[in-house]
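Before any comments, here is the structure.
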Amino acid sequence: MTEHNSDLLRLLEERGYIHQTTDAAALDALAAKQVVPGYIGFDATAPSLHVGSLVQIMMLRRLQQAGHKPIVVMGGGTTKIGDPSGKDESRQLLTAEVIDQNIASIRTVFERLLRFGNGPSDAIMVNNDDWLSSLGYVELLRTVGPHFTINRMLTFDSVKLRLDREQPLTFLEFNYMILQAYDFRELALRHGCKLQMGGSDQWGNIVNGIELTRRMDGTEVFGVTTPLLTTADGAKMGKTAAGAVWLNEAQLPSYDFWQYWRNTDDRDVGRFLRLFTDLPLDEIARLEKLEGSAINDAKIVLANEVTRLVRGEAAAKAAESTAAATFAGGGTGEDLPTLSIGADGMNITAICTAIGFTQSNGEAKRKIAEGAVKLDDVVVLDPSLMVKLAGPETAKLSLGKKKHGVLTH
């Protein structure tokens, strides 16, 4: 491990956040002697970010923990265009009103993980629409255009991916990298921002911003990227068969969020504890050495810690108690997904799909044939079974060992 003079780079490296750094020695020296304002940008394409963005949010938390100033940049302007990085196709354009609503919803998670205020190391949230939407097109071409060459822009992965696959890349999206570079320059002027952080797929965009800021203003700024974050089995973080793992409660119940972390692959436990919790490193080292069924204790700690940070203490406790009631006591818990099947009841195949355990009735029938579906812990083998409940009666529905729900009258 590299020796660092600053708490910032030392903390980022020992926790596993650093993939690439521009001029690490100069950044280390700067962070050792002054508060470094640093930013990460988040586009507001939905009312919530998902788990794939959590490592970036945690980087801002580490920045603040090391005594520096996090700048959360909400892409009110760039969301109107769409980042082509890692995308196979253009995304739907949103109205300004929807984007503003999304930003307000997303902010609630940041307020749990960062300390906002007016102090030197207090976080601030800004919207790049404040400067991008007032930027005249001719002005942008004259002031920024000369610093970009099409030759170089065509070499960026976000562009090459689309072109190599012969998929359309609109001129609108092609401009995204120019606007992101302009963001860095604008943040340096407005807030003294010295650092942009992001995922490894943002390296080209970050370097663009560094070079534009240096060429236009002679200011030295820096970039740090995180490794591409995938699970041990190669899956992309934040995606499951059931869909995205959203950070906001309104998009995903806390039990499902908790369960996502509880189901972590054994090989990922230590890495995720370092990235996504504030537990001391020696405690993490102890937990990741657990073997056999004992590793499940570490997974419960991981689920509790991440849920507490993102959703709050009450949500973490409720999710853990629901899991304990479901797995250990055979109960039904209060925080599980619930489905009302009505007075006339419902077919078990339709129930599996309606509660979200399967994507279609065909998949539900396959799961039933495999013996994976249980009603009150009894295997269901008949896909035409009608389930009826009387009055206040409830039933527990299970698919495999990890999906559980409650059926009500």
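- One N or O on the side chain of Asn263 and one on the backbone of Gln259 form a donor-acceptor pair closer than 3.5 Å.
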### Query
Do Ile18 and Val224 pass the side chain to side chain contact (heavy atoms under 4.5 Å, CB included) test, and can you show the C-alpha distance, the side-chain angles, and the key distance before you say yes or no?
CA-CA 7 Å; Ile18 296 180; Val224 175; 4.3 Å; yes

### Query
Going through the distances and angles, do Glu111 and Arg107 end up as a salt bridge (Lys or Arg N to Asp or Glu O under 4.0 Å)?
CA-CA 6 Å; Glu111 287 174 339; Arg107 182 184 173 96; 2.7 Å; yes

### Message
Does Asp43 form a side chain to side chain donor-acceptor pair (under 3.5 Å) with Thr45? I'd like the steps, not just the answer.
### Response
CA-CA 6 Å; Asp43 280 350; Thr45 55; over 6 Å; no

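- Atom CG of residue Leu228 and atom CE of residue Met237 lie 11.0 Å apart, to the nearest 0.5 angstrom.
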Quiz: residues 291-301 side-chain donor-acceptor pairs under 3.5 angstrom, not counting sequence neighbours:
unit_1, atom_1, unit_2, atom_2, d
Asn296, ND2, Ser293, O, 3.4
Lys299, NZ, Thr264, O, 2.9
Lys299, NZ, Asp266, OD1, 2.5

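- Taking the side chain as every heavy atom from C-beta outward, Leu135 and Val144 never approach each other to under 4.5 Å.
- Residues passing the ring-ring contact (aromatic ring centres under 6.0 Å, His included) test with Phe110, sequence neighbours excluded: Phe42.
- Within the structure, side chain to side chain donor-acceptor pair (under 3.5 Å) contacts touching residues 51-74 (residues at least two apart or in different chains) are Tyr17-Arg62, Gln56-Thr226, Arg61-Asp278, Arg62-Gln65, Arg62-Asp278, Gln65-Asp278.
- Side-chain atoms of Ile368 and Thr349, non-hydrogen and from C-beta on, do get closer than 4.5 Å to each other.
- The CE atom of Met197 sits 9.0 Å away from the CD1 atom of Ile206 when rounded to the nearest 0.5 Å.
- In this structure the side chain of Ile210 never reaches within 4.5 angstrom of the side chain of Thr213, judged on heavy atoms.
- The two atoms that bring Leu273 and Thr277 nearest to each other are O-OG1, 2.6 Å, heavy atoms only.
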#### Entry: Working for side chain to side chain contact (heavy atoms under 4.5 Å, CB included), residues Ile355 and Leu399
CA-CA 11 Å; Ile355 204 168; Leu399 176 62; over 6 Å; no

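- You'll find the side chain of His4 reaches within 4.5 Å of the side chain of Glu13, heavy atoms only.
- Counting only N and O atoms by type, the side chains of Thr225 and His19 include no donor and acceptor under 3.5 Å apart.
- Here the straight-line distance linking atom CG of Leu154 with atom CG of Leu163 works out to 6.5 Å at 0.5 Å rounding.
- In this structure, Thr108 contributes its side chain and Ser105 its backbone to a donor-acceptor pair below 3.5 Å.
- Here the closest non-hydrogen pair linking Arg271 and Thr230 is NH2-O, 2.7 Å.
- The nearest pair of heavy atoms linking Phe148 to Ala181 is CZ-CB, 3.6 Å.
- Asn304 and Trp261 are not linked by any side-chain donor-acceptor pair at a separation below 3.5 angstrom, with hydrogens and angles left out of the test.
- Taking the six-membered ring where tryptophan is involved, the planes of Trp258 and Tyr255 are essentially parallel, since the angle between them stays under 30° and well short of 60°.
- A salt bridge is defined here as a Lys NZ or Arg NE, NH1 or NH2 lying under 4.0 Å from an Asp or Glu carboxylate O, and Glu14 with Arg10 fails to meet this definition.
- Note that CG of Leu30 and NZ of Lys194 are 6.5 Å apart. Values are rounded to the nearest 0.5 Å.
- For Arg286, the side chain to side chain contact (heavy atoms under 4.5 Å, CB included) partners two or more places apart in sequence, or in a different chain, are Glu283.
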### Query
Are Thr219 and Asp217 close enough, and set up right, to give a side chain to side chain donor-acceptor pair (under 3.5 Å), and what steps lead you there?
CA-CA 5 Å; Thr219 304; Asp217 306 310; 5.0 Å; no

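- Residues Leu407 and Lys388 have side chains not in contact (no heavy-atom distance under 4.5 Å, counting atoms from C-beta outward).
- Note that CG of Asp23 and CZ of Phe222 are 5.5 Å apart. Values are rounded to the nearest 0.5 Å.
- Using a 4.0 Å cut-off between charged side-chain N and carboxylate O, Arg274 and Glu288 make a salt bridge.
- With respect to Arg215 and Glu211, a salt bridge is recorded, a charged nitrogen being found less than 4.0 Å from a carboxylate O.
- Of all non-hydrogen atoms in Gly119 and Asp122, the two that sit nearest each other are N-OD2, 2.7 Å.
- The CG atom of Leu60 sits 9.5 Å away from atom CG of Leu113, with the distance rounded to the nearest 0.5 Å.
- A side-chain donor-acceptor contact under 3.5 Å links Ser321 to the backbone of Ala318.
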### Message
Let's go through Thr231 and Asp265 carefully: what are the C-alpha distance in whole Å and the side-chain angles of both, what is the deciding distance for side chain to side chain donor-acceptor pair (under 3.5 Å) to 0.1 Å, and is it a yes or a no?
### Response
CA-CA 8 Å; Thr231 58; Asp265 189 294; over 6 Å; no

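- You'll find the side chain of Pro253 reaches within 4.5 Å of the side chain of Asp256, heavy atoms only.
- Contact detail for Phe184 and Leu195: the closest heavy-atom pair is CZ-C, 3.8 Å.
- For the pair Arg152 and Val207, the minimum side-chain heavy-atom distance is below 4.5 Å.
- The only option from Ile71, Val72, Leu63 that meets the side chain to side chain contact (heavy atoms under 4.5 Å, CB included) definition with Tyr39 turns out to be Ile71.
- With 3.5 Å as the limit, one finds a donor-acceptor pair spanning the side chains of Gln202 and Gln180.
- Counting heavy atoms from C-beta on, the side chains of Ile284 and Asp282 never come closer than 4.5 Å.
- Although no hydrogens or angles enter the test, the distance criterion places a donor-acceptor pair under 3.5 Å between the side chain of Lys403 and the main chain of Phe357.
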Pair up each side-chain donor or acceptor in residues 307-315 with any protein partner under 3.5 Å, not counting sequence neighbours, and list the distances.
unit_1, atom_1, unit_2, atom_2, d
Thr307, OG1, Ala303, O, 2.6
Arg308, NH2, Glu305, OE1, 2.8
Arg311, NE, Leu247, O, 2.6
Arg311, NH1, Glu249, OE1, 3.1
Arg311, NH1, Leu252, O, 3.0
Arg311, NH1, Ser254, OG, 2.9
Arg311, NH2, Trp246, O, 3.1
Arg311, NH2, Leu247, O, 3.4
Arg311, NH2, Asn248, O, 3.2
Arg311, NH2, Leu252, O, 2.9

### Task
Take Val73 and His191, measure what side chain to side chain contact (heavy atoms under 4.5 Å, CB included) needs, and give me the verdict at the end.
CA-CA 12 Å; Val73 177; His191 302 288; over 6 Å; no

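- Pairs of residues two or more places apart, or lying in two chains, never qualify as ring pair (Phe, Tyr, Trp, His ring centres under 6.0 Å) while including a residue from residues 278-315.
- The minimum heavy-atom distance between Gly67 and Ser121, with the atom names listed, is O-CB, 3.7 Å.
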### Task
May I have the step-by-step check of side chain to side chain contact (heavy atoms under 4.5 Å, CB included) for Leu397 and His404, ending in yes or no?
CA-CA 6 Å; Leu397 180 73; His404 305 275; over 6 Å; no

